[in-house]
Amino acid sequence: MKKYTIKTIRSQALFQKAQRLMPGGVNSPVRAFRGVGGTPLFVRRAKGSHLWDEDGNRYIDYVLSWGPLILGHTDKDVVHAVQEAAMDGLSFGAPTIREIQLAELVQHFYPFAEKMRFVNSGTEAAMSAIRLARGFTQRNKIVKFDGCYHGHADAFLVSAGSGHLTLGISDSAGVPEDITKNTISIPWNDLPTLKEVFQQNKKQIAAVILEPVCGNMGLVFPEDGFLEGVRALCSKHGTLLIFDEVLCGFRVHLKGAAALYGVTPDILCLGKVIGGGLPVGAYAGKKEIMDCIAPLGNVYQAGTLSGNPLAMAAGIATLQKLKTTDAFPRAAKACEVLASGICENLKKSKLPFQILHQGTLFTLHFTSQKIRDLLSVKTSNITLFKHYFHAMLTRGIALPPSAFEVGFTSSTHENKDIEKTLRANLEALSEVKK
Ligand SMILES: *Cc1c(COP(=O)(O)O)cnc(C)c1O
């Protein structure tokens with residue numbers, strides 16, 4: 001077999017320098033390649049399904065900036081819209097027509113989003129959604145699920161305590177107990193435990209927040225009846241249900257997980273795709289809930305750059321294209337073909353791994369256990385994943401540098417990209433087996 005290597009001399013030198021200037025050399029931890037070892041690639045530019053690093057190596061990209069780029073890199077309409085907006089002014093701190101246009105587009109895909117507020121990241125969206133839920137219900141506690149990610153606000157950096165019914169403990173330093181004591185984290189797909197939590201915290205739970213399709217422990221689906229069950233319990237107990245669709249929105253289904261499963265939350269969080277590659281988040285919901293936000297209500301939330309014209313322009317161009325072209329079905333088709341090809345390769349190689357996919361998201365789980373929660377995901381063989389990741393990278397395929405992140409496809413992933421990826425996948429699997 002051909003011996004694969006890539007030269008990453010410039011990336012290595014830049015990483016050395018970056019590490020002197022920034023913690024871990026990065027501005028977001030998972031970029032540092034700690035999950036796979038080695039040197040992160042310093043990206044120079046990208047186009048469509050491909051990106052080029054500083055050493056001139058070319059890769060087929062399945063990270064796509066961790067989700068936003070459903071139209072691929074540097075889509076000409078998105079770039080043009082941003083250029084036009086830039087010529088008119090970078091920021092005004094005053095309302096603009098583009099905010100209305102993006103809001104109307106979001107509403108087209110999520111009709112239950114009667115009102116919304118734009119912010120600058122998914123973190124901000126989820127953090128603000130929780131404050132809104134607490135303000136609206138006059139309650140303090142929130143319930144989340146182990147393995148779901150809702151950004152890095154204090155209240156979410158909590159993993160399960162010793163018993164699942166006990167209050168959470170933080171998995172980050174710097175988060176006061178006073179804050180985490182109001183967060184309860186329980187296993188995904190575990191309705192009986194949620195029922196018990198409601199019993200033991202009567203009239204105290206402001207919100208249950210979840211990723212309706214989990215994408216931050218690899219892809220993990222809700223089991224039949226789970227989302228419906230959570231919805232019913234929330235309604236029964238006067239608790240708001242928050243869908244964090246920052247990742248799965250516009251990705252598992254063009255109209256999101258809410259449409260895919262036919263379950264409607266009280267508050268919706270969006271991000272990633274709605275910014276088309278620029279920093280945007282949003283939270284949305286029924287009028288009477290959203291009207292609790294300042295200036296109408298007494299829940300405070302603000303942002304100097306919120307609704308930024310460039311970010312709105314990128315979002316509008318992206319959602320407009322999703323609405324009026326076959327971009328989504330093409331991206332989903334690419335994912336489907338890729339996943340079924342990997343499934344074939346797994347059969348040939350007789351490895352006990354499994355590929356899950358939905359819409360434009362996929363994960364190759366390195367375990368034979370039935371994937372249903374964080375515990376089962378954690379049975380993945382990390383050593384083999386690291387090996388596989390690098391075997392793919394040296395063949396020009398850029399996957400997310402962690403066993404617990406989903407892969408993304410775009411409308412620019414063509415048949416020849418998928419074929420090349422599948423050949424690399426077959427070789428990489430047999431390399432891993434040795
Ligand atoms: C990425 C993500 C966030 C955080 O968004 P940022 O823009 O990184 O702050 C929140 N929730 C989910 C489900 C995410 O995938």
Side-chain angles (χ1 to χ4, degrees), residues 26-32 35 62-70 110 116-133 142-159 171-172 183 185 188 207-222 227 241-253 256-258 260-261 265 267-284 301 303 305-308 311-312 314-315 318 358-363 374 377 400-402 404-408:
V26 290
N27 285 300
S28 193
V30 72
R31 297 178 194 171
Y62 292 100
V63 186
L64 298 171
S65 188
W66 302 92
L69 306 176
I70 193 162
Y110 289 94
M116 69 199 76
R117 165 80 41 101
F118 291 115
V119 291
N120 304 294
S121 67
T123 293
E124 251 189 278
M127 181 183 82
S128 309
I130 286 294
R131 184 181 304 139
L132 173 60
I142 61 167
V143 177
K144 66 176 278 289
F145 293 88
D146 304 335
C148 283
Y149 179 68
H150 306 294
H152 64 83
D154 284 354
F156 300 123
L157 297 180
V158 170
S159 43
D171 37 27
S172 166
T183 302
S185 191
W188 179 246
V208 172
I209 185 167
L210 52 83
E211 292 180 74
V213 175
C214 303
N216 284 286
M217 47 176 159
L219 196 56
V220 181
F221 297 116
L227 294 177
L241 175 58
I242 304 175
F243 274 11
D244 180 348
E245 294 210 21
V246 170
L247 192 151
C248 69
F250 306 93
R251 283 228 166 249
V252 291
H253 182 283
L260 180 63
Y261 290 97
I267 303 177
L268 169 74
C269 299
L270 294 172
K272 299 191 170 119
V273 168
I274 62 161
L278 268 71
V280 183
Y283 58 113
Q301 187 270 311
L305 293 175
S306 291
N308 173 266
M312 296 293 107
T318 301
Q358 175 69 47
T360 63
L361 303 176
F362 66 94
T363 302
L374 186 60
V377 165
S402 157
F404 305 115
E405 302 284 355
V406 282
F408 302 88

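Numbering starts at 1 and runs along the sequence shown. One-based numbering, in listed order, for ligands and for the atoms of each.
- Listed by atom number, the atoms of ligand 1 under 4.0 Å from N216 heavy atoms are 12 (C), 13 (C), 14 (C), 15 (O).
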Listed pairs under 3.5 Å, donor-acceptor, residues 147-154 side chains, sequence neighbours left out:
| residue | atom | partner | partner atom | Å |
| --- | --- | --- | --- | --- |
| H150 | ND1 | D244 | OD2 | 2.8 |

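- The backbone N or O of F221 lies less than 3.5 Å from a partner atom in the side chain of W188, making a donor-acceptor pair.
- Contacts of K272 with ligand 1, taken as heavy-atom pairs under 4.0 Å, involve the side chain alone.
- Contact atoms of ligand 1 toward S121: 7 (O), 9 (O) (distance under 4.0 Å to a heavy atom of the residue).
- The CG atom of L210 lies 10.0 Å from the SG atom of C269; values are rounded to the nearest 0.5 Å.
- When G122, G67, A126 are checked for heavy-atom proximity to atom 5 (O) of ligand 1, G122 turns out nearest.
- With respect to atom 13 (C) of ligand 1, the closest heavy atom belonging to the protein is Y149 O, 3.2 Å.
- Of the possible polar contacts, one joining the E245 side chain to the A258 backbone as a donor-acceptor pair under 3.5 Å is found.
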Quiz item: Can Q301 and R131 be said to form a side chain to side chain donor-acceptor pair (under 3.5 Å), step by step?
Solution: CA-CA 9 Å; Q301 187 270 311; R131 184 181 304 139; over 6 Å; no
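- At the shortest separation from atom 4 (C) of ligand 1 among protein heavy atoms lies T123 N, 3.6 Å.
- Protein heavy atom in closest approach to atom 11 (N) of ligand 1: D244 OD2, 2.7 Å.
- Side-chain atoms of T183 come within 3.5 Å of backbone N or O of A155 as a donor-acceptor pair.
- Shown in contact with E211 at under 4.0 Å from a heavy atom are these atoms of ligand 1, numbered in order with element: 13 (C).
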